Amino acid sequence: MNTSIDFVLLDADYEIYVRDGIKKPLLRLWGRSNSKRVEIRVSGFLPYFYAEASEEKIRKILNKRGEQTKDWLIETFRCKKRTFFGGSSRIVTQLIGNIPFLVPEIKQLLQQAGIEVHEADIPFTRRFLIDRNVRALHPVTVIGTIIKQENDILIAEAPFKNISQKTEASSDYQPLLLAFDIEVDHKQGETIHELLLVKKRRITAISMAWGTVETENPDSKVIILENDSDIAENALLIKFLETVKQTKPDVLLSFNGTFFDIPYLIARLSRYGKSLGELALFTGLQKDIIKSKIPVESYKLKGRAVIDLLPKTWGIHPISGQKTLDSVSEEVLGESKVKLEKSIGELWRAGVLGSKEDAQLFREYSLKDAILTFKLASELGVSNSIELCRLTGYPIPEGILSTSRNIGELELMRILHSKDIFIPSKPSPTELKARKEFSRKYPHLGGWVIDPSVDEATFVGIFDFRSLYPNIVRTHNISGETLIANSEGYPPEQRFLKEPRGALAILMDRILEQRYQTQEILTKIKENRAQDPQKQTDLLEKRQISLKLMANSLLGASNYPRGRFYHHIIANSITAIARELLSEKLENWTNEYSERHPYDVLLRYGDTDSIFVEFILPNLSLTDFQQELPLKARTRKEKQLLVAINDYRSFLAQKLPEFLELQLEDITSRIILKKGRKKAYAYVSLLTNNIIIRGFEAVRSDWSPLARKAQRELLEALLTDLSDERREHARRVIFNISRAILRNPVSQLVKELTIRGPLRRSPAKYRSKTPAVGAFLHYCEQKNLDPELEWKKWDGFPYIIAKGSSNESQYLRAYHPDVFQQNKKEIDRLHYVREILGASKRFGININETEAQQGALIIPLTVFLK
DNA sequence: ACGAGTAAGGA
DNA sequence: TCCTTACT
């Protein structure tokens, strides 16, 4: 009997079954309905692809080969399709077969016979999602027969045509995340490496914390090993498996689980005849090693996503220089692990032997690890990834391991399918080589950066284009099938048909309209100060960021040689149109505007999608803008500036084509630039009163903290000081800091002069050694460590430059702060002073070394360290 | 491997 | 000059 079943789709896979001696694929959809686990066995959906040849010819080729390929072909259809790039029509044969994993082999046979094939590289389950337009994390309706129904499980079977997306409305299902962490009975001094080698120490505790991305205080549980026996450890592991099964998480989170917690758990479980595979919702545990140039190992459990947060800490650089749960939490959440006096093993033993205090501390310590891991997930982008998966309907277990480009491509594939356009194939090794060769010969040109024409400007409006590249695609109908043949010599705007609307442009329309709509709702919520706005805005904020990410990664795809949507003309056209806009059009329009008005308006700087425009208004002086901020049209002078800026913007709005919109990003009364230096500027915002510094040494992590502070102070003085003596004041700042470096004791300076540099490979592989590498080698020597093993543990290796003979390379004089102090080294003070003097010189503050060394006053360093 | 463009210091 | 890093 047929029943209608609604559920939220989470994952899919397939298996092969044999009926009447014939092998067939059985697709399995896995999802959730309320708290019930749902498994739908889908029949009748078969793998297929297209070939540009007649059925007879194809059959002839397949029949010549082995049994498997001969029997593969089930049915064929003649149909008319269009290619994506160029949009040419093709009459093709659709080949429908039985076993999905034979497709590559069949494809190869046809290709070897010189037949062109299409859509032969789309994974079977993805094919289903596209064809039925079914989306993961969205509600799906099935008309099927129930095979099994229990408390928490429902299994049904249905023909594939009975499965459809329930509504167009997006789902609000929030996946359940469970973070876990194990403690191991290890002795002081025993390294993790040694622990993993033998895996013979017992697991003393497993902690878990669970909730959705919206949960602030997750539920949690700590399971503790009761005594030092196999029986107790077995019981602990059983409790862990049971808890996970009962909690039914969609996502399992760990911090460095791939290299520690998971292999350790697997080893201990197997000792008692158990397997982590029990946690899979389908077949047993699969350890899939995804092969890429840098091998990324990851564990997969069918039906659940397994996420290690460590690789997602990209871009986070803890002060300690090492990425641990503790240091990353401290950096990202401002929270640390529970601090211990004893080793974790001793603490557990003391607890087991009856110390209530130690038992309690051990529990807290373990719990905190799971809670921190849980909290980190959202901060490290897991919730954004989930939102992106939801937008395109990509299953989380795969989506979480994919790039945003991959996920975005699914949406484009859906549109192409609906328009009967072939989804382009991924490049063959030969094609990839050709693409790379081509881009080496003719490199892709990106954004345009205007060379700053002045060192300083006053009254500057900073504008930027809203989603420039995606909007260029919309304006000029840029897409594969709208690309005009042999149009490479045309101006970039004329390389694409004006109509009909192209697939990429349609997708950009959808994404941007959705994003603008989301942003509008966000502004309204913030304006109305609705009750409990945080929860609403959090989700919407993630959605709008995901939409932006999706739009950008789709454009990135046109310039990604390994991807199926790579096309150098498309990629180049988009950036060429943007360059022309910035380098010619805006310059001309600004000049035109300036000529029409009694005051001068000058384009001073711009980068890719932004412009910095100076307004030279009569009778306007810096002292007119001493009012309370943010800038409002209070005084006559303020009005004068705002009116001019708005007028300029409306003038440009008339000139700009549809979809291109210039928005006011900021206003400043004074900006510091550097002639000939792109991507660096500093200004005080009249809208927020913040000091904005970009690109200069003050924001570069390869400069010492003190040198950065010195330049920041200098820039602040030059920007905010309205007196005639501002240069003199700035000069004084630099003098004082230089003297502080020269006169203060080493102990006070060490922290402020420590720089962290990366160790990207083994020290032996560095062709020229950086100071960080030098410091690292000294460190290993001192501590008797093997550099080959040790370097991987470091994110940024801290170093200080010690005094030595002047021709001695920096990398020979670089030391880890501890090594530095233990060996009572002396700081190369002059080196650090020179660094600061050099950075000051860029802004016309000239102090020479001798001058800097004069003066007797010892200034305590704390004066500068606000 | 997300991309290009840019600057700058050290070997 | 090349190598390496970091920022927009």
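Side chains are part of it too, since the values below use all heavy atoms of this structure and drop only hydrogens, waters and symmetry mates. Fair warning: this is a prediction, and the values are worked out from it, not measured in the lab. Labels below follow one simple rule: chain letters A, B, ... track the order of the sequence lines, proteins then strands, and each chain is numbered from 1.
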Original post:
At under 4.0 Å between heavy atoms, what does A:Gly676 touch on the DNA or RNA strands: base, sugar-phosphate, or nothing?
Top reply: sugar-phosphate
**OP:** Look at A:Arg677 together with A:Asp451 and state whether they make a salt bridge at an N to O cut-off of under 4.0 Å.
**Re:** no
Subject >> Between C1' of B:dG9 and CD of A:Gln711, the distance in whole Å >> reply: 15 Å
**OP:** Pick base, sugar-phosphate or nothing for A:Gly695, based on heavy-atom distances below 4.0 Å to the nucleic acid.
**Re:** sugar-phosphate
Original post:
So how far is it from A:Ile827 CD1 to A:Ile801 CD1, rounded to the nearest 0.5 Å?
Top reply: 11.0 Å
**OP:** Assign A:His831 to base, sugar-phosphate, or nothing according to its heavy-atom contacts below 4.0 angstrom with the strands shown.
**Re:** sugar-phosphate
**OP:** Would you indicate what A:Arg761 reaches in the nucleic acid, counting non-hydrogen atoms under 4.0 angstrom: base, sugar-phosphate, or nothing?
**Re:** sugar-phosphate
Original post:
Side chain of A:Asn559: nearest nucleotide among B:dT6, C:dT8, B:dA4?
Top reply: B:dA4
Original post:
Centres of the A:Phe612 and A:Phe463 rings: under 6.0 Å?
Top reply: no
Original post:
Checking A:Arg670 against A:Tyr683: charged group under 6.0 Å from the ring centre and within 45 degrees of the axis?
Top reply: no
Original post:
Over how many whole Å does the gap from A:Lys436 atom NZ to B:dA4 atom P extend?
Top reply: 11 Å
Original post:
Roughly how many Å is it from CD1 in A:Ile450 to P in B:dA4, rounded to a whole number?
Top reply: 21 Å
Original post:
Quick one: which of B:dT6, B:dA4, B:dA11 gets closest to the side chain of A:Val449?
Top reply: B:dT6
Original post:
Just how far, in rounded Å, is P of C:dA6 from CH2 of A:Trp314?
Top reply: 11 Å
Subject >> Sidechain N-carboxylate O distance under 4.0 Å for A:Glu493, A:Lys585 >> reply: yes
Subject >> Span that lies between the P atom of B:dA1 and that of C:dT8, in whole angstrom >> reply: 26 Å
**OP:** Identify whether any heavy atom of A:Arg842 sits under 4.0 Å from a base atom; if not, whether one sits that close to sugar-phosphate; answer base, sugar-phosphate or nothing.
**Re:** sugar-phosphate
**OP:** Starting from P on C:dT8, measure out to CG on A:Asp702 and report it in whole angstrom.
**Re:** 12 Å
**OP:** Figure out the CZ/P separation between A:Phe776 and C:dT5, and round it to whole Å.
**Re:** 14 Å
Original post:
When we call it a touch if two heavy atoms are under 4.0 Å apart, what does A:Pro758 touch: a base, just sugar-phosphate, or nothing?
Top reply: sugar-phosphate
Original post:
Can you check the A:Arg694 CZ to B:dT6 P distance for me, whole Å?
Top reply: 19 Å
Original post:
Is any side-chain N or O of A:Lys679 under 3.5 Å from a base N or O of C:dT8, one able to act as donor and the other as acceptor?
Top reply: yes
Subject >> Selected nucleotide, minimal atom distance to A:Thr770 side chain, candidates B:dG10, C:dT5, C:dC7 >> reply: C:dT5
**OP:** Heavy atoms only: give me the nearest A:Arg756-A:Tyr799 pair and the separation to one decimal.
**Re:** C-CE2, 4.5 Å
Original post:
Which is true for A:Leu555 with a 4.0 Å heavy-atom rule: it touches a base, it touches only sugar-phosphate, or it touches nothing?
Top reply: nothing
Original post:
Has A:Arg760 got a side-chain N or O lying under 4.0 Å from the OP1 or OP2 atom of C:dT5?
Top reply: yes
Subject >> Among C:dA6, B:dA8, C:dT4, the nucleotide that comes nearest once only the side chain of A:Tyr766 is considered >> reply: C:dT4
**OP:** Please tell me which of A:Tyr560 and A:Gly446 maps to the more 5' nucleotide of DNA chain B, matching each residue to the nucleotide holding its nearest heavy atom.
**Re:** A:Tyr560
Original post:
Side-chain N or O of A:Arg756 less than 4.0 angstrom from OP1 or OP2 on C:dT5?
Top reply: no
**OP:** Specify the separation, in whole Å, of atom CZ of A:Phe565 and atom P of B:dG3.
**Re:** 18 Å
